[in-house]
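Naming convention: chains lettered A, B, ... in sequence-line order (proteins, then strands); numbering from 1 in each chain.
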2 protein chains.
Amino acid sequence: MATSTGMRGRTSGNLGGRPALTSAHRLAEVAQELFLTKGFAETTIADITAAAGVSQRTFFRYFTTKADVLWVETSAEQARLQALLDAAPPEEPYHEVLYRAIPAALHHPPEEHTWALHRAQLLLTAPAVQAQAAARYAEWRASVTRFAAARLDSPPDDLLPTAVGAAALTATLTAHEYWITHPTDDLPTLLERLLQLLIPRPDGSPSGAT
Amino acid sequence: MATSTGMRGRTSGNLGGRPALTSAHRLAEVAQELFLTKGFAETTIADITAAAGVSQRTFFRYFTTKADVLWVETSAEQARLQALLDAAPPEEPYHEVLYRAIPAALHHPPEEHTWALHRAQLLLTAPAVQAQAAARYAEWRASVTRFAAARLDSPPDDLLPTAVGAAALTATLTAHEYWITHPTDDLPTLLERLLQLLIPRPDGSPSGAT
DNA sequence: TTACTTATGTCACAGTGCGCCATAACCTCT
DNA sequence: AGAGGTTATGGCGCACTGTGACATAAGTAA
């Protein structure tokens, strides 16, 4: 499964060859700061590369798309989720695993909260970013779908695991969306409540709305 | 509420002025056919306008974006949903209204089925199309959220109506996504099953999974 | 030094989307 | 018919994104 990040990362092993002038992280950092001051659409690649001191061509060697700089962190979160799902005890009900694992995978230390909030605002409002979003979301959802299918002992393209994956994804997105309009709310709490509201449970237990 | 379609429709009232050489519908028709034969990304605006016999500049007077031609039908579906929700009897439980109204709003006569399938394939797979998608999806979801909030007698930015709107949207999308990989399945049936699985109900009744 | 490797820069190009201005085609009123 | 207003179109230039081809800089190992 080629996780298909939009990054074209330069080779990591530095045994020979010209040393890199910059890095994906550095470019993403510079870019995100410009996005916050000028807005995503108003920031050009020329702005970013000028600030970073490299040529435009170099930018596109690190990222396939301008929007891709916003998704640097995503693969790490994706990997955390996958690891948490793999490590979950088999006897734990699948919905409880998800209530626990998804907020945990998205957890960031307090000092990154404003960064995470800014990122969420950019991810959910800039149209060009949405184009890349679908592919990332698909991986997130697929992890949950596979997990649910395994727990339900059904093929992953059955409707129920599909629904569980879709619910997990939309809970994640809705929580962030709600969060950016209510920034004082606690994201993990929002996440857990939405997961409880949205994830279907096969045992006929009540949905968590009250 | 300016429904903000990506169309820049020429004035409809034709009292005076040069008659239009083309129309949004005609351009969308030509474009969609090219998309199906060559693919979305591989079809250029020049291809479309050449086939339609107008200049490129004219295309961008009808649509703000290449991807917008795929969303012509959307505002009609959106309007149908809104009308159905407005007309629903107040005593009917909100989730049952949604089970009924959403498949109805998306209903197309049998002769349009292949067209609808092709459109769904394009909408859900071409990255550039996703950029426009978020705005359309937001309207769809907002209709449901407002409806749910009214039925639940709560402000529309409460978490429960928000979750209902999110569930309705993701059920719609997931049904289409499932449909394009299982084209022989019946879309309205898929829709209804997913709505039953995903829409949270406040009364503690079992979720519909079995 | 020589060879190899890797990152960068420059150039040219296709494609999207927009602003501006001229022009074509239709209307109504005189 | 002619004048004036209205609307759609066409053409031109431009900024920006993203790519391919090719040359070059700056390291490492022999």
Side-chain angles (χ1 to χ4, degrees), chain A residues 4-27 30-31 34-35 38-71 126-132 135, chain B residues 4-27 30-31 34-35 38-71 126-132 135:
Chain A
S4 164
T5 70
M7 296 179 40
R8 308 183 155 173
R10 322 271 68 201
T11 40
S12 42
N14 50 342
L15 298 114
R18 175 177 177 169
L21 282 184
T22 182
S23 68
H25 249 82
R26 163 117 182 89
L27 285 174
V30 170
L34 287 172
F35 292 162
K38 301 181 52 175
F40 179 84
E42 291 72 25
T43 303
T44 68
I45 305 291
D47 294 334
I48 301 169
T49 53
V54 293
S55 73
Q56 295 193 209
R57 194 64 187 83
T58 293
F59 178 90
F60 288 112
R61 288 204 180 90
Y62 282 92
F63 299 100
T64 56
T65 288
K66 179 170 135 184
D68 277 322
V69 299
L70 292 173
W71 300 98
V129 183
Q130 300 301 315
Q132 323 302 323
Chain B
S4 164
T5 69
M7 297 180 39
R8 310 183 152 171
R10 320 272 68 199
T11 40
S12 42
N14 49 341
L15 298 115
R18 174 176 178 170
L21 283 184
T22 183
S23 67
H25 248 82
R26 163 113 181 92
L27 284 174
V30 170
L34 286 172
F35 291 162
K38 302 181 51 173
F40 179 84
E42 292 71 24
T43 303
T44 68
I45 306 291
D47 294 334
I48 300 170
T49 54
V54 292
S55 73
Q56 293 193 212
R57 194 65 187 83
T58 294
F59 178 91
F60 287 112
R61 287 203 180 90
Y62 282 93
F63 299 100
T64 56
T65 288
K66 180 170 136 185
D68 277 321
V69 300
L70 291 174
W71 299 97
V129 183
Q130 299 302 313
Q132 323 302 323

Can you tell me how far the [atom1] atom of [X] sits from the [atom2] atom of [Y], to the nearest 0.5 Å?
X: A:His25; Y: A:Ser23; atom1: NE2; atom2: OG; value: 7.5 Å
X: A:Thr65; Y: A:Leu70; atom1: OG1; atom2: CG; value: 11.0 Å
X: A:Phe59; Y: A:Asp68; atom1: CZ; atom2: CG; value: 8.0 Å

Protein-nucleotide distance ([X], atom [atom1]; [N], atom [atom2]), rounded to Å:
X: B:Lys66; N: D:dG18; atom1: NZ; atom2: C1'; answer: 13 Å
X: A:Asp47; N: D:dA15; atom1: CG; atom2: P; answer: 14 Å
X: A:Phe59; N: C:dT10; atom1: CZ; atom2: C1'; answer: 19 Å
X: B:Leu27; N: D:dA8; atom1: CG; atom2: P; answer: 14 Å
X: A:Arg26; N: C:dA7; atom1: CZ; atom2: C1'; answer: 17 Å
X: B:Phe60; N: C:dG15; atom1: CZ; atom2: P; answer: 12 Å
X: B:Phe63; N: C:dG17; atom1: CZ; atom2: P; answer: 12 Å
X: B:Ile48; N: C:dG17; atom1: CD1; atom2: P; answer: 10 Å

Under 3.5 Å donor-acceptor pair, B:Arg57 side-chain atoms to C:dG19 base atoms: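 Under the 3.5 Å cut-off, the side chain and the base do form a donor-acceptor pair.
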Heavy-atom donor-acceptor pair, A:Arg61 side-chain to D:dG18 base, under 3.5 Å: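 Counting by modelled atom types and ignoring angles, no donor-acceptor contact under 3.5 Å is found here.
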Residue B:Arg18, side-chain atoms from C-beta onward, closest of C:dG15, C:dA24, C:dG9: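 Comparing C:dG15, C:dA24, C:dG9 against the side chain of B:Arg18, the answer is C:dA24.
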Closest listed nucleotide, where the reference is the side chain of A:Ala20 and the choices are D:dA26, C:dT8, C:dT16: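 Of all the options, the side chain of A:Ala20 is nearest to C:dT8.
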Residue closer to the 5' end of DNA chain D, B:Gly53 versus A:Ala46 (nearest nucleotide):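 On the 5' side of the pair lies B:Gly53.
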Intermediate values then yes/no, side chain to side chain contact (heavy atoms under 4.5 Å, CB included), A:Phe35 and A:Lys66: CA-CA 11 Å; A:Phe35 292 162; A:Lys66 179 170 135 184; 4.3 Å; yes
Partners meeting side chain to side chain contact (heavy atoms under 4.5 Å, CB included) with A:Ala46 (sequence neighbours left out):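 Expected list: A:Thr44, A:Gln56.
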Side-chain N,O (A:Tyr62) to OP1/OP2 (C:dT8) below 4.0 Å: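 It does, given that an N or O in the side chain of A:Tyr62 lies less than 4.0 Å from OP1 or OP2 of C:dT8.
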side-chain N/O B:Thr58 vs D:dA8 OP1/OP2, d < 4.0 Å: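 Indeed not, no polar side-chain atom of B:Thr58 lies that close.
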Residue closer to the 5' end of DNA chain C, B:Thr44 versus B:Pro19 (nearest nucleotide):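 Residue closer to the 5' terminus by nearest nucleotide: B:Thr44.
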Touch class at under 4.0 angstrom, heavy-atom based, for B:Thr22 against every strand present: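 Sugar-phosphate, backbone atoms only, no base.
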Touch class at under 4.0 angstrom, heavy-atom based, for B:Thr49 against every strand present: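 If one applies the 4.0 Å heavy-atom cut-off, B:Thr49 turns out to touch nothing in the nucleic acid.
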